[in-house]
Amino acid sequence: MDSLVHNISSQIVYLNGYAAPDSVRNIDVGYWYANTVGRSLNKLMSPKILETAFYTTLQEFPIFVGYIQADAHRRVYVDVNSEALNMPVYADTSSDLDYLTLCKAGFNIHKLPADPRGENRILTYPRLSVVDQNPAYFHVLRLRDNTGILVYANIPHCFVDGYGFTLFMERWMEILNQMQQPQANASTEQPLS
């Protein structure tokens with residue numbers, strides 16, 4: 001996270017007339033990943049490497065660390081202040097559910113077996129809105145027996161649209177893959193002549 005703090009420049013991003021109304025909406029998005037390499041001792045998407053890749057990706061998407069504001073003319077903008085970053089909430093937790101159970105339920109949380117405590121078995125997260133100090137929320141949920149993970153996000157629509165968020169997720173996973181395979185990256189480098 002230190003490199004994030006040092007690599008973000010202050011900037012103001014004004015929203016156009018089409019994006020401003022979306023500043024009051026949040027997007028809920030979840031990406032499921034199955035563990036296809038087996039239940040090795042190494043956790044699928046190592047928590048430390050996944051979080052490091054997340055903060056590295058934020059450097060390329062600085063709007064995620066900004067504050068939603070309005071000026072005297074009621075124009076909405078995102079203020080990215082390099083001296084006071086508005087860090088997204090990031091959580092990494094475990095679940096008693098496994099990937100196969102979720103698959104059988106069609107990834108529909110309403111079709112999952114009831115939790116004996118009566119709680120939501122998938123996610124427990126704060127409901128966020130644009131008035132919160134940290135309007136973006138990311139939750140990594142690790143499934144039982146290392147069978148897979150869910151990467152869930154609740155973000156203000158004014159930060160990105162669906163396409164922009166897909167680009168963010170693709171870049172996050174790309175950086176993660178690069179970090180998990182340092183030997184492969186080193187072998188593909190061309191020597192200087």
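Since we're looking at a predicted model, the values are computed, not measured.
Side chains of Asn7 and Gln59: a donor-acceptor N/O pair is present below 3.5 angstrom, by distance only. Using a 3.5 Å distance cut-off with no hydrogens or angles, the side chains of Asp28 and Tyr152 do pair a donor with an acceptor.
In this structure, the side chain of Asn86 engages the main chain of Gly66 through a donor-acceptor pair within 3.5 Å. For Ser10 (side chain) and Ser82 (main-chain N/O), a donor-acceptor pair under 3.5 Å exists by modelled atom type. Side-chain atoms of Arg142 never come within 3.5 Å of backbone atoms of Ser94 as a donor-acceptor pair (strictly under, hydrogens ignored).
Shown here are the side-chain contact (heavy atoms from CB on, under 4.5 Å) partners of Leu176, two or more places apart in sequence or in another chain: Met45, Ile49, Leu50, Ala53, Met173, Gln180. Every ring-ring contact (aromatic ring centres under 6.0 Å, His included) that Phe54 has, sequence neighbours left out, goes to Tyr90, Phe138, Trp172. For Arg75, the salt bridge (charged side-chain N to carboxylate O under 4.0 Å, His left out) partners are Asp71, not counting sequence neighbours. Partners of Glu174 according to the salt bridge (charged side-chain N to carboxylate O under 4.0 Å, His left out) rule, which considers only residues two or more places apart in sequence or in another chain, are Arg171. Evaluation of the side-chain contact (heavy atoms from CB on, under 4.5 Å) rule for Val160 yields Phe64, Ile155, Phe165 as partners, not counting sequence neighbours.
The other residues sharing a hydrophobic cluster with Ile12 are Tyr14, Tyr77, where clustering joins ILVMFWY side chains under 4.5 Å apart.
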* To do: Could you give me the CA-CA distance, side-chain angles and deciding distance for Leu97 and Leu102, then say whether side-chain contact (heavy atoms from CB on, under 4.5 Å) is met?
  => CA-CA 7 Å; Leu97 291 172; Leu102 293 168; 4.1 Å; yes
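The shortest non-hydrogen separation linking Cys158 to Ile63 is O-CD1, 4.1 Å.
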